[in-house]
Amino acid sequence: MMEKNYQFDLIEEKWQKHWEENNIFKSCENADLPKYYTLEMFPYPSGNLHMGHVRNYAIGDVVARFKKMRGFNILHPMGFDSFGLPAENAAIKHGVPPAEWTYANIENMKKQLKTMGISYDWDREVATCKPDYYKFTQWMFLKLYENDLAYKKSAAVNWCPSCQTVLANEQVVDGACERCETVVEKKKLSQWFFKITDYAQRLLDNLEVLPGWPEKVKTMQRNWIGRSEGCEFDLAIEGREEKMTVFTTRPDTVFGVTYMVLSPEHPLVDVISAGTEHEAAVKEFVHRMQFISDVTRTSTDTEKEGVFTGAYAINPMNNEKIPIWIANYVLMDYGTGAIMAVPAHDERDFDFARKYNIPIRVVIKGEDSPAEGDQMKEAYTGPGKMVNSGDYDGLAYEDGKKKITAYMESIGIGKGTINFRLRDWLISRQRYWGAPIPIIYCDDCGPLPVPEKDLPVLLPENVAFKPSGESPLTYVQSFYETVCPCCGKPARRETDTMDTFVCSSWYFARYCDPHNTELPFAKDKTDYWMAVDQYIGGVEHAILHLMYARFFTMFLHDIKMLSVEEPFTNLLTQGMVLKDGSKMSKTKGNVVSPEEIIKTYGADTARLFILFAAPPERDLEWSDQGVEGSYRFLNRVWRIVTECMEMIQDVNLPETFAELDPEARELRYRTHAAIKKVTEDIEERFNFNTAISAIMELSNSINSYRNQEELDLPVLKEAIEAMLLLLSPFSPHITEELWQYCGHQDSVYSQSWPKWDESALVKDEVEIALQVLGKVRDRVMVPSEISNEELEKIALANERVQEFSQGKQVVKLIVVPGKLVNVVVK
RNA sequence: GCCAGAGUGUCGGAAUUGGCAGACGAGCGCGACUCAAAAUCGUGUGCCGUGAGGCGUGUGGGUUCGAGUCCCACCUCUGGCACCA
């Protein structure tokens with residue numbers, strides 16, 4: 001029975017149930033149809049959806065439903081990134097086991113997600129904390145290990161004292177923990193790494209073949225990978241056996257070296273300063289540097305300082321004696337931890353040399369650059385010709401780079417190298433709630449991978465949480481006690497777990513074959529579905545998740561598990577949801593709860609508003625009044641359809657619409673203009689806000705048309721049905737209900753997307769603006785087929801035009817057909 | 001400091017290829033309905049001016065018949081990078 005009023009709560013519940021019971025959104029491979037894989041970044045199950053989620057999933061659902069109606073075979077799954085620290089914190093705080101807390105949150109969030117009415121195939125749901133999933137996260141580790149891409153090493157790593165675990169470089173932002181903003185410390189520990197640096201060049205190069213990614217994200221990844229090309233070479237140290245090795249991108253400036261710098265942590269520092277009069281000062285400096293955090297030390301604001309070590313290196317190009325210093329601005333973990341300093345052509349070296357009165361020698365002369373170091377106000381880093389460089393004088397600096405590198409190579413002291421800023425990915429975490437690293441330590445056989453058949457290495461339950469620097473699993477004897485898979489003697493399991501970013505680096509492939517118990521996924525399934533055609537999520541993952549996932553995909557491609565090399569063909573990074581100009585947060589007290597909004601206005605209104613308020617990439621300002629507006633619009637749609645229903649229900653649409661009266665023609669024009677506009681806005685630009693405004697315009701047109709006395713019912717029906725179909729990806733429940741009222745049996749979701757009729761877009765008459773000197777003075781209606789000559793005549797004869805060109809001479813006439821005539825006078 | 005992106009009514013935002021700035025929505029004003037209110041419907045709404053008209057897309061200049069859009073300089077905001085040799 002038809003309800004008189006728009007009762008969103010009844011309608012939404014009814015259709016959600018209907019969709020679920022009829023498996024409307026279930027997807028399977030179908031070779032006859034082109035596939036389309038839409039994916040939104042899966043959430044961490046914190047327990048409640050926030051507006052950012054709603055925005056993310058509303059965008060994804062428009063894409064999925066639109067593509068479905070456009071004839072694609074859709075994969076649109078959802079799941080949970082369910083390992084991670086909050087579960088452990090909750091366990092400590094509330095005494096609930098992490099697993100219990102997590103599963104309860106998943107249930108609640110799933111319930112909330114279902115009230116949004118998104119077209120997910122829930123049969124494909126994954127949760128990374130379930131053994132059937134993390135079994136294959138461990139499988140990934142084993143494959144990386146087999147291929148020498150997982151290794152353990154002792155290194156100074158980032159330690160978050162609050163989270164009580166180590167972090168990857170990517171998870172340290174401005175020297176602080178990405179999660180809790182605590183300043184991280186350096187700790188020397190033995191940890192597991194993935195050799196992502198082996199893929200540095202490919203991660204960089206492939207960005208070129210990702211035209212569907214925002215330039216912003218690609219730039220961030222390029223910066224992070226930080227490739228630089230240069231030359232590494234050895235220098236003898238006066239009176240010693242040892243050599244020092246430096247990396248430089250400017251071998252062309254090697255004749256301008258006036259001092260060398262070692263990082264304070266460099267192993268040679270102690271050796272070369274020992275026994276010199278400078279030893280005490282060096283020791284003091286090194287000691288002092290230990291207590292300065294990396295953030296401070298690597299900030300551009302920090303003043304450069306250093307001390308002379310007492311030792312000298314020999315410049316291999318001219319045998320000059322060069323003093324070796326140590327300084328705060330040279331870092332141990334980039335390049336070789338040592339540099340050649342050329343103050344004339346490097347800003348940092350210049351500042352340092354000025355401070356300590358070290359000579360500045362010009363070796364590159366640009367067009368207007370100073371020739372003498374003393375005259376310089378700043379370092380000259382531009383192009384130029386080599387000077388003061390012996391046989392190399394007169395060479396262009398680029399040629400100099402090549403020639404000097406080649407020379408060093410020929411005498412066996414150096415070689416051309418490429419340095420990356422990217423570090424290997426530290427994946428061990430001293431935490432309980434993660435996938436255990438599948439490694440066994442045997443006193444006799446060493447560290448060994450857990451045999452594939454023994455996966456998964458199950459996480460034990462009932463674990464005590466003691467705040468210490470060690471994994472809680474180190475206290476669980478039943479977990480760590482095992483036998484060596486090689487010799488059968490008692491052995492010990494690795495007690496660290498994996499970074500949760502490992503779990504999310506391959507989930508998109510698991511969705512293609514989520515119930516496979518033998519393999520993470522079967523190749524024929526991923527061959528059909530991968531890559532993800534449209535990936536949608538927050539820009540905060542620009543480096544972290546998006547780079548790790550690319551790395552995994554390349555690796556899986558290399559071991560022939562995946563055909564694709566890149567996981568995400570198109571990427572949309574959505575903006576944040578703001579309230580009163582800032583991000584919604586509990587501390588600011590400006591949080592709007594999606595649950596409340598859906599309860600008060602319904603999911604259709606919530607979705608519509610969030611898509612209407614701003615284009616998807618931009619930040620969105622939440623507005624309660626804006627929500628009211630969207631709600632009013634849906635009510636208007638409801639009234640239009642229910643009030644016209646009886647008239648149009650039994651009307652058949654003709655093949656062609658001939659002989660229409662002007663009003664009906666106008667409505668048809670507007671209907672088809674709306675179809676065109678909405679289609680192009682979604683398809684080409686993801687401009688959902690303007691697509692919605694076009695639907696609103698159509699509804700306004702229908703509304704005024706239906707108040708007339710004589711109605712052309714087929715035209716009215718066509719307009720109303722087009723409006724419902726166009727609106728259905730945005731607000732699926734109300735359109736489903738009204739679609740049925742119009743006499744249809746099938747779901748709107750399974751309808752074909754409407755096509756516009758070009759002939760309906762042809763107008764008899766168009767409005768032309770008449771300008772004098774670029775200012776609009778009048779507007780006239782003219783036949784659309786009018787010739788330029790005719791238009792010119794009309795313009796010149798126009799009263800208003802004459803008024804404004806009186807006493808002046810017409811110099812020129814500009815005609816833009818269908819738009820305007822501009823009369824140029826003098 | 002460097003590199004992106006942005007700056008348009010009271011507000012969110014539109015203008016797709018250099019061609020009528022302000023679509024759509026919100027807010028506000030007026031009117032209808034109502035005992036009244038809400039809802040709804042209709043209508044108006046960039047600024048100045050009684051009016052004719054003038055002005056108007058961060059600022060200043062330029063190109064053009066015509067500039068929110070192109071060029072130059074500058075200001076502000078947002079994001080990213082920032083001793084990476």
Side-chain angles (χ1 to χ4, degrees), chain A residues 5 174 214-220 222-224 226-228 230-232 246-250 253 261 263 297-304 327-331 333-342 346-349 351-352 419-422 539 542-543 575 578 608-609 612-615 617-630 632-633 635-636 639 677 680-681 684-685 687 689-700 703-704 707 767-779 803 811-826:
Chain A
N5 296 316
D174 291 332
E215 210 45 57
K216 183 171 76 167
V217 174
K218 289 193 278 187
T219 307
M220 283 166 76
R222 273 187 206 108
N223 286 341
W224 188 262
R227 181 185 194 272
S228 63
C231 163
E232 208 173 278
V246 298
F247 172 73
T248 180
T249 54
R250 298 293 305 271
T253 63
V261 189
S263 133
R297 217 178 110 186
T298 59
S299 147
T300 3
D301 306 330
T302 308
E303 199 181 332
K304 291 169 188 44
N328 59 348
Y329 74 97
V330 174
L331 308 172
D333 63 2
Y334 184 80
T336 60
I339 61 156
M340 61 174 221
V342 185
D346 182 284
E347 286 162 34
R348 297 152 297 175
D349 299 345
D351 292 347
F352 191 84
N419 247 300
F420 291 96
R421 214 180 72 118
L422 181 71
V539 74
I543 300 172
L578 309 177
L608 191 70
F609 167 72
F612 178 60
E617 323 77 45
R618 235 193 283 181
D619 285 350
L620 180 153
E621 176 67 31
W622 184 265
S623 154
D624 293 330
Q625 277 140 358
V627 180
E628 293 270 0
S630 296
R632 275 205 285 269
F633 169 66
N635 272 288
R636 198 151 56 236
R639 278 194 303 274
K677 168 91 178 139
E680 290 175 351
D681 276 352
E684 290 161 29
R685 292 179 284 276
N687 284 354
N689 55 333
T690 51
I692 293 167
S693 85
I695 302 169
M696 287 172 167
E697 282 181 277
L698 176 58
S699 86
N700 290 342
N703 223 1
S704 25
N707 288 328
E767 195 187 60
I768 296 286
L770 301 181
Q771 301 183 330
V772 178
L773 284 172
K775 290 199 194 311
V776 181
R777 297 305 178 180
D778 206 359
R779 293 169 221 273
E803 197 182 312
V811 185
K812 205 154 115 184
L813 284 164
I814 310 276
V815 180
V816 183
K819 295 228 162 108
L820 57 82
V821 181
N822 188 10
V823 182
V824 186
V825 294
K826 206 162 66 178

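Residue numbers begin at 1 in each chain, while the letters A, B, ... track the order of the sequences. Note that the structure is a prediction, hence the values are computed from the model and not measured.
- For A/Asn822, the listed nucleotide lying nearest its side chain is B/G19; candidates were B/C81, B/C55, B/G19.
- Heavy atoms of A/Asp351 sit nowhere under 4.0 angstrom from any nucleic acid atom.
- For A/Met696, the listed nucleotide lying nearest its side chain is B/G25; candidates were B/G25, B/A85, B/U16.
- Residue contacts shown for A/Thr248 are limited to sugar-phosphate atoms, with no base heavy atom under 4.0 Å away.
- Picking from B/G12, B/C81, B/A85 the nucleotide with the shortest atom distance to the side chain of A/Glu621 gives B/G12.
- Ranking B/C41, B/C83, B/A15 by closeness to the A/Tyr329 side chain, first place goes to B/C83.
- As judged by a 4.0 angstrom heavy-atom cut-off over every strand, A/Lys826 is placed among residues making no nucleic acid contact.
- Relative to the side chain of A/Arg632, the nucleotides B/C41, B/G27, B/A85 differ in distance, and B/G27 lies closest.
- Taking a pair to require two hydrogen-bonding distances under 3.5 Å in either a Watson-Crick or a G-U wobble arrangement, B/G66 remains unpaired.
- Contacts of A/Val261 with the nucleic acid, taken as non-hydrogen atoms under 4.0 Å apart, are absent.
- Closest to the side chain of A/Thr249, from the set B/A85, B/U16, B/C55, is B/A85.
- Comparing B/G9 with B/C55, their C1' atoms sit 14 Å apart, to the nearest whole Å.
- Among B/G25, B/G13, B/C83, the nucleotide with an atom closest to any side-chain atom of A/Asn689 is B/G13.
- Between B/A4 and A/Arg222, no contact under 4.0 Å exists linking OP1 or OP2 to a side-chain N or O.
- Residue contacts for A/Asp333: at a heavy-atom cut-off of 4.0 Å it reaches no nucleic acid atom on any strand shown.
- Taking the P atom of each, B/U63 and B/G25 are spaced 41 Å apart, rounded to whole Å.
- Under the Watson-Crick and G-U wobble criteria, each requiring two contacts below 3.5 Å, nucleotide B/A4 is paired to B/U78.
- Nucleic acid contact for A/Gln771: base, since at least one base atom lies under 4.0 Å from a heavy atom of the residue.
- B/G46 is paired with B/C55 under the criterion used here, namely a Watson-Crick or G-U wobble arrangement in which both key atom distances are under 3.5 Å.
- The nucleotide whose nearest atom lies closest to any side-chain atom of A/Val824 is, among B/C65, B/A14, B/C81, B/C65.
- Put simply, the side chain of A/Lys812 and the base of B/C65 share no donor and acceptor less than 3.5 Å apart.
- Listed candidates were B/C24, B/A85, B/A14. Nearest to the side chain of A/Glu697 is B/C24.
- Shown here, B/G31 forms a base pair with B/C41; the pair counts as Watson-Crick or G-U wobble because both key distances fall under 3.5 Å.
- Each of B/C83, B/G80, B/C41 was ranked by its minimum atom distance to the side chain of A/Arg636; first place goes to B/C41.
- Checking B/A36 for Watson-Crick or G-U wobble geometry (two distances, each under 3.5 Å) identifies no partner in any strand.
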